[in-house]
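Since the structure comes first, as structure tokens, the remarks are kept for the end.
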Amino acid sequence: VETWIRSVFLGLALISTCSLAQELKTEGRGDETQASPQSVIKPDLRRREINEAEIDSENFEVGLYVGIISIEDFSSSTVLGARAAYHINEDFFVEAIYGRARAGETSFEILSGGSPFLTDDERDFRYYNLSAGYNLNGEVFLSQDLVFNSATYFTLGAGSTEFGGDEHFTLSIGAGYRLLLTDYMAVHFDVRDQIFNSEIIGQEKSTHNIEYAVGATFFF
Amino acid sequence: MLFAALIWGFALLGNQVLANEASPQVQVAEPYIELHSGPAEGYPVFHVAAKGEWLSVIKRRTSWFKVETTKGQQGWVKQQDLTLTLTSSGEPVIITEGSFAAHAQRNFELGAMAGVLESVPAISLTAAWVATENITTEVSFTQALGDFSESQLLMANLVFHPFPEWRWSPFVSLGGGRITTKPRANLVDSGAEQRSSDMLAAGLGLRYYLARNVVLKLEYQSLLAITDRDEQEELEQWKLGFAVFF
């Protein structure tokens with residue numbers, strides 16, 4: 001109610017100022033030095049009160065990516081994945097990733113021409129991980145007027161990889177580049193290494209499964 | 001593809017809605033306010049808005065606010081600077097989100113923790129609903145990945161915080177759920193098989209309000225598996241992680 005009364009008073013004040021200015025203008029018409037009217041400021045009475053809850057907060061980022069993953073001993077394959085991130089502050093974010101690929105054949109399987117190591121189902125390579133990331137913020141100047149914000153980031157996390165009929169505890173180390181085309185849309189270029197212990201081809205060893213990916217994400 | 005299209009649609013819709021309504025405005029009260037070219041301290045200051053100028057607040061990312069001057073210049077202002085401006089009724093602008101005060105008002109929490117369950121690496125995800133300032137109910141999913149087996153735990157917990165107003169706040173938890181253990185593929189041939197049993201859990205932990213929307217959590221849980229066999233199985237779990245609250 002208070003603001004309403006205030007607006008009414010402001011409105012009245014405005015009208016009286018305007019008419020006063022009008023009178024002054026007509027009075028001073030003969031005088032050339034008074035030619036420019038002084039009251040040109042039009043107060044905008046429809047100013048909206050700031051309400052914290054109404055400010056659109058864009059800290060979440062979701063998107064998809066596609067790339068190539070080199071599955072140790074099992075050739076390289078296309079990988080498809082989804083990513084969700086939450087930005088804690090300008091420097092840190094947390095990220096959840098889910099990806100899937102289909103493993104190819106080992107050199108041995110190809111050369112010997114028989115006895116596959118894995119069944120069809122076991123060749124499904126699926127992973128998820130949760131990582132913490134750190135941004136190095138920057139800008140890209142494509143031309144003098146075309147500037148995009150960007151960030152180079154590093155991630156470290158853990159998760160699980162399902163491959164060869166088992167789930168493996170997986171360490172994920174990554175680096176990426178995010179180019180913000182608009183405030184809410186970004187293109188990503190990522191390199192990630194998924195490290196897990198595996199004994200699929202006999203002896204237990206730690207395998208490195210390096211992936212390159214390009215993706216798009218949206219902030220909301 | 002459909003997913004991408006949906007997201008794209010939402011983004012467009014969101015923008016449309018935003019464009020249609022007038023943004024709230026604040027007035028610069030200090031001699032000037034700095035506009036950065038991006039939402040981080042490192043981005044250069046490319047414009048300053050003078051005292052008395054009105055700024056429209058468009059959006060927010062972490063603790064940065066995108067504003068537009070009356071002349072149409074857009075830039076990012078940090079939270080501390082925005083709180084030095086005045087609202088349209090002449091009051092100082094107050095932003096509570098991302099403060100310790102907002103932590104007491106939280107309703108939900110999403111968390112991720114990593115640790116060991118009986119010396120096997122384990123990852124946990126939790127979703128919690130804050131019932132009162134002292135009591136939280138949470139659901140957690142844990143996956144433990146060992147050399148011989150893989151276990152999945154689904155638990156519902158009741159968490160009690162005796163001192164919610166402390167930055168370092170201890171808590172105790174009680175819960176129940178179910179564990180499913182699957183042997184490794186190479187052990188299946190030797191006769192091992194999947195089994196599940198009910199679980200009871202009691203825990204003790206410590207949480208620390210870190211910054212903005214984030215708390216760090218350290219928790220110890222003692223778990224009791226109720227098996228069909230003669231003896232019950234006791235397990236121990238340690239986890240360390242974080243939670244984001246809303």
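The figures that follow rest on heavy atoms only: side chains count, while hydrogens, waters and symmetry mates do not. Just so it is clear: chains get the letters A, B, ... in the order the sequence lines come, proteins before strands, and each one is counted from 1.
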**Study point:** Distance-only polar pair, side chains of Y128(A) and Q143(B), donor-acceptor under 3.5 Å
**Key:** yes

**Study point:** Donor + acceptor pair across side chains of E90(A), S63(B) (<3.5 Å)
**Key:** no

Revision key, fill the gap. Assert top hit (heavy-atom pairs under 4.5 Å, partner chain A, pool I95(B), V93(B), V214(B)) equals I95(B)

Review point. Looking at V26(B), V244(B), V120(B), which makes the most heavy-atom pairs under 4.5 Å with chain A?
Key: V244(B)

Does a sphere of radius 6.0 Å around [atom1] in [X] hold more than 12 heavy atoms from other residues, nucleotides or ligands, not counting ones at 6.0 Å or beyond?
X	atom1	value
F141(B)	CZ	yes
L84(B)	CG	yes
F148(B)	CZ	no
F108(A)	CZ	no

Can you say whether [X] sits under 4.5 Å from chain B via the side chain, the backbone, both, or neither, judging by heavy atoms?
X	answer
E122(A)	neither
S198(A)	neither
F60(A)	side chain
Y86(A)	side chain

Check your understanding: Does any N or O in the side chain of R61(B) come within less than 3.5 Å of the main-chain N or O of E58(A), such that one atom is a donor and the other an acceptor?
Key -> yes

Check your understanding: Is it true that a side-chain atom of R184(B) and a backbone atom of E167(A) form a donor plus acceptor pair closer than 3.5 Å?
Key -> yes

Shortest non-hydrogen contact between [X] and [Y], atoms and distance:
X	Y	answer
L130(A)	L125(B)	CD1-CD2, 3.4 Å
S160(A)	L145(B)	CB-CD1, 3.5 Å
S37(B)	N149(A)	O-ND2, 3.3 Å

Check your understanding: In terms of heavy-atom pairs under 4.5 Å, which option from L180(A), N197(A), V94(A) contacts chain B the most?
Key -> V94(A)

Practice item. Specify which of V147(A), N137(A), L136(A) makes the most heavy-atom pairs with chain B at under 4.5 Å. Key: N137(A)

Does the side chain of [Y] come within less than 4.5 Å of [X]'s, by heavy atoms?
X	Y	value
E139(A)	P44(B)	yes
I88(A)	F242(B)	no
D183(A)	K59(B)	yes

Chain A contact via [X] - side chain, backbone, both or neither, heavy atoms under 4.5 Å:
X	answer
I123(B)	side chain
I94(B)	backbone
E41(B)	both
T96(B)	both
R212(B)	side chain

Practice item. Any chance you could measure H87(A), atom NE2, to N213(B), atom CG, to the nearest 0.5 Å? Key: 13.5 Å

Point to revise | Distance in Å, S57(A) OG paired with F246(B) CZ, rounded so as to fall on 0.5 Å steps | key: 10.0 Å

